[in-house]
Amino acid sequence: MRLILLTARPDTGANQRLAAAAHELGAEVEVVDATVLAAGTGARPTLERHGVDLLDPLPDAMLARVGNWRPDSVLAALEVAVDRGVATPNPPPAIRCGRDHWRTVRALAAASLPVPDTLAGADPESLAEAAARRLGFPVIVKQRRSRMGVGVIRCDARDQLDAVLDSLWRLGDEVIVQRFHDARGESLRLLVVNGRVAAAARLRAADGDWRSNAARGGRAAAHQPSSDEERLALAAARAIGLGHCGVDLLPGERTVVLEVNPTPGFRHLEAASGIDVARALVEHALGIGVRI
C-alpha cells in the first residue's frame with residue numbers, strides 16, 4: 001500500500017516515528033512537505049510538486065499532520081486529495097473544527113457533552129464585562145487556535161483580564177474566555193483511534209504552573225480511564241467527526257471536555273502508557289485505505 005504523510009514539518013520526531021511505523025507494516029510511505037505543493041481545484045483536482053501530480057497514481061491513504069505552521073496550506077493539499085477520492089482518517093472540515101477552540105466547544109455542547117462555560121467576542125471591554133458578569137474569576141483566555149498551552153492565560157481579576165484582552169485585540173488575535181475549572185493542576189489525555197480509546201495518560205502540572213501540558217513541563221503517568229471517561233472521549237471524537245484525536249479531559253466533581261486535538265502529539269503518551277501510538281495511527285490510516 002502507498003501512504004502519503006502530509007505535513008509542513010517533515011523533520012519532526014513524530015513524523016519520523018510515523019514513517020518508521022509504516023515501513024514496519026510493509027507500506028510504501030512518503031513524507032511530503034505540504035508547503036512546497038500547489039493544490040489545484042477544478043474538474044480534476046491536482047496536487048503538484050515540481051510539475052508532478054502526487055495524486056497520479058492515487059495513494060491508498062493520506063495521513064495529515066496539521067500543526068501551527070502553515071495549517072491552511074496543509075489543509076488545502078488534503079482537501080484536493082479527498083476530492084480525488086483518497087482515504088484519510090480525519091476529514092478536512094473536522095480538522096478545521098478541532099483546531100478552533102470556539103468551533104470545538106460549540107460542537108461538543110451541541111452533542112450535550114460537558115464543556116467549560118465559554119464566551120467569544122472581539123471588543124475587549126464588552127468581552128471582559130460579559131466574562132466578569134457570567135463567569136466570575138478566575139477565567140482562562142485562549143487564542144482560538146492555541147496549542148500545547150501556548151496562548152493560554154489565567155486572569156484572576158478584572159484588571160488582568162482587561163489588560164490581556166486589550167493586548168491580544170491590538171495584535172489582531174481572536175480569543176475565547178472560559179470559566180476556570182479547578183482540576184488541581186491535572187488533566188487526562190485519551191487517544192481515540194477508530195472508535196476506541198487506544199492509550200491514556202494522566203498529566204500533572206510542573207511546580208509553579210497550573211497548566212498540565214507536557215509541552216509546558218507537565219509530567220505524564222499511566223492512567224486507566226474509567227468507563228465514563230472513555231464514553232466522553234469517544235463521544236467528543238464523534239461530535240467533531242474525527243477518526244483519531246487526542247481528547248483532553250479536566251477531572252473533578254464535574255469532568256469536562258477541554259480540547260479535542262486532531263493532530264495529537266504522542267511522545268509523552270507513548271512513554272507513559274507503553275502503547276505504540278505511531279503504529280496505531282498508521283494502521284488506522286491504512287485500514288481506511290483498504291476499506292475504500
Side-chain angles (χ1 to χ4, degrees), residues 1-37 39 45-49 53-99 147 189-199 237-238 240-247 260-267 269-270 275-292:
M1 295 191 71
R2 178 176 172 232
L3 172 70
I4 287 182
L5 179 58
L6 191 67
T7 175
R9 302 286 299 276
D11 56 342
T12 65
N15 287 329
Q16 296 307 312
R17 283 273 295 111
L18 290 165
H23 282 300
E24 291 170 3
L25 289 166
E28 176 189 344
V29 60
E30 183 177 4
V31 182
V32 174
D33 184 350
T35 66
V36 302
L37 303 179
T46 57
L47 192 56
E48 293 190 11
R49 181 178 59 189
D53 186 1
L54 294 180
L55 303 179
D56 190 13
L58 286 178
D60 295 286
M62 183 173 284
L63 178 56
R65 298 284 292 178
V66 186
N68 285 336
W69 179 247
R70 305 300 187 192
D72 286 328
S73 295
V74 182
L75 283 167
L78 180 63
E79 286 164 342
V80 163
V82 170
D83 288 345
R84 282 281 293 274
V86 178
T88 190
N90 290 341
I95 295 176
R96 289 187 184 280
C97 180
R99 283 184 47 79
R147 280 292 177 266
R189 163 59 65 94
L190 277 65
L191 181 78
V192 174
V193 181
N194 195 24
R196 68 183 182 90
V197 174
R238 287 194 302 269
I240 307 301
L242 294 165
H244 70 242
C245 58
V247 179
V260 181
N261 191 337
T263 307
F266 52 82
R267 178 166 62 93
L269 182 59
E270 282 189 328
I275 301 296
D276 190 340
V277 172
R279 184 184 181 95
L281 296 178
V282 171
E283 283 182 333
H284 181 213
L286 293 176
I288 292 174
V290 168
R291 291 197 296 276
I292 296 296

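As the structure is a computational prediction, the values presented were derived from the model and not from experiment.
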Q. Side-chain contact, heavy-atom cut-off 4.5 Å: Leu269 with Ile275?
A. no

Q.
Does any part of the side chain of Glu30, heavy atoms only, come nearer than 4.5 Å to the side chain of Pro59, both counted from C-beta?
A. no

**Q.** Side-chain touch His244/Leu63, heavy atoms, less than 4.5 angstrom
**A.** yes

Q | side-chain contact (heavy atoms from CB on, under 4.5 Å) partner of Leu47, the single match among Ile4, Leu55, Leu78 | A | Leu55

Q: Say whether, by atom type as modelled, one donor and one acceptor occur between the side chain of Arg2 and the main chain of Pro57 under 3.5 angstrom.
A: yes

(Q) Can you give me the closest heavy-atom contact between Arg96 and Asp72, atom names plus distance? (A) NH1-OD1, 3.1 Å

Q) What distance do Thr88 atom OG1 and Glu79 atom CD have between them, rounded to the nearest 0.5 Å? A) 11.5 Å

Q. Do side-chain atoms of Thr263 reach the backbone of Val66 as a donor and acceptor pair under 3.5 angstrom?
A. yes

Q | From CG (Leu286) to NE2 (His284), nearest 0.5 Å | A | 10.5 Å

Q | Side chain to side chain, Ile240 and Cys245, heavy atoms closer than 4.5 Å | A | no

**Q.** For the student: nearest non-hydrogen atoms of Leu242 and Ala94, plus distance
**A.** CD2-CB, 3.6 Å

**Q.** Over all atoms of both residues, closest heavy-atom pair of Arg65 and Ala14
**A.** NH2-CB, 3.9 Å

Q) Closest heavy-atom contact between Ala77 and Leu37? A) CB-CD1, 4.2 Å

Q | Counterpart residues, side-chain contact (heavy atoms from CB on, under 4.5 Å), relative to Glu270 (two or more places apart) | A | Arg17, Phe266, Asp276, Val277, Ala278

Q) Between Ala19 and Leu5, which heavy-atom pair has the shortest distance, and what is it? A) N-CD2, 4.4 Å

Q. For Arg9, does its backbone N or O pair with a side-chain atom of Asn15 as donor and acceptor, under 3.5 Å?
A. yes

**Q.** Given Leu25, Asn194, Ile288, the one that forms side-chain contact (heavy atoms from CB on, under 4.5 Å) with Glu283
**A.** Leu25

Q: Ignoring hydrogens and angles, tell me if any N or O in the side chain of Asp60 forms a donor-acceptor pair with the backbone of Leu3 under 3.5 Å.
A: no

Q. Which heavy-atom pair separates Arg84 from Pro45 by the least distance, and what is that distance?
A. NH1-O, 2.5 Å

Q. What distance separates Ser73 OG from Asp33 CG, expressed to the nearest 0.5 Å?
A. 10.0 Å

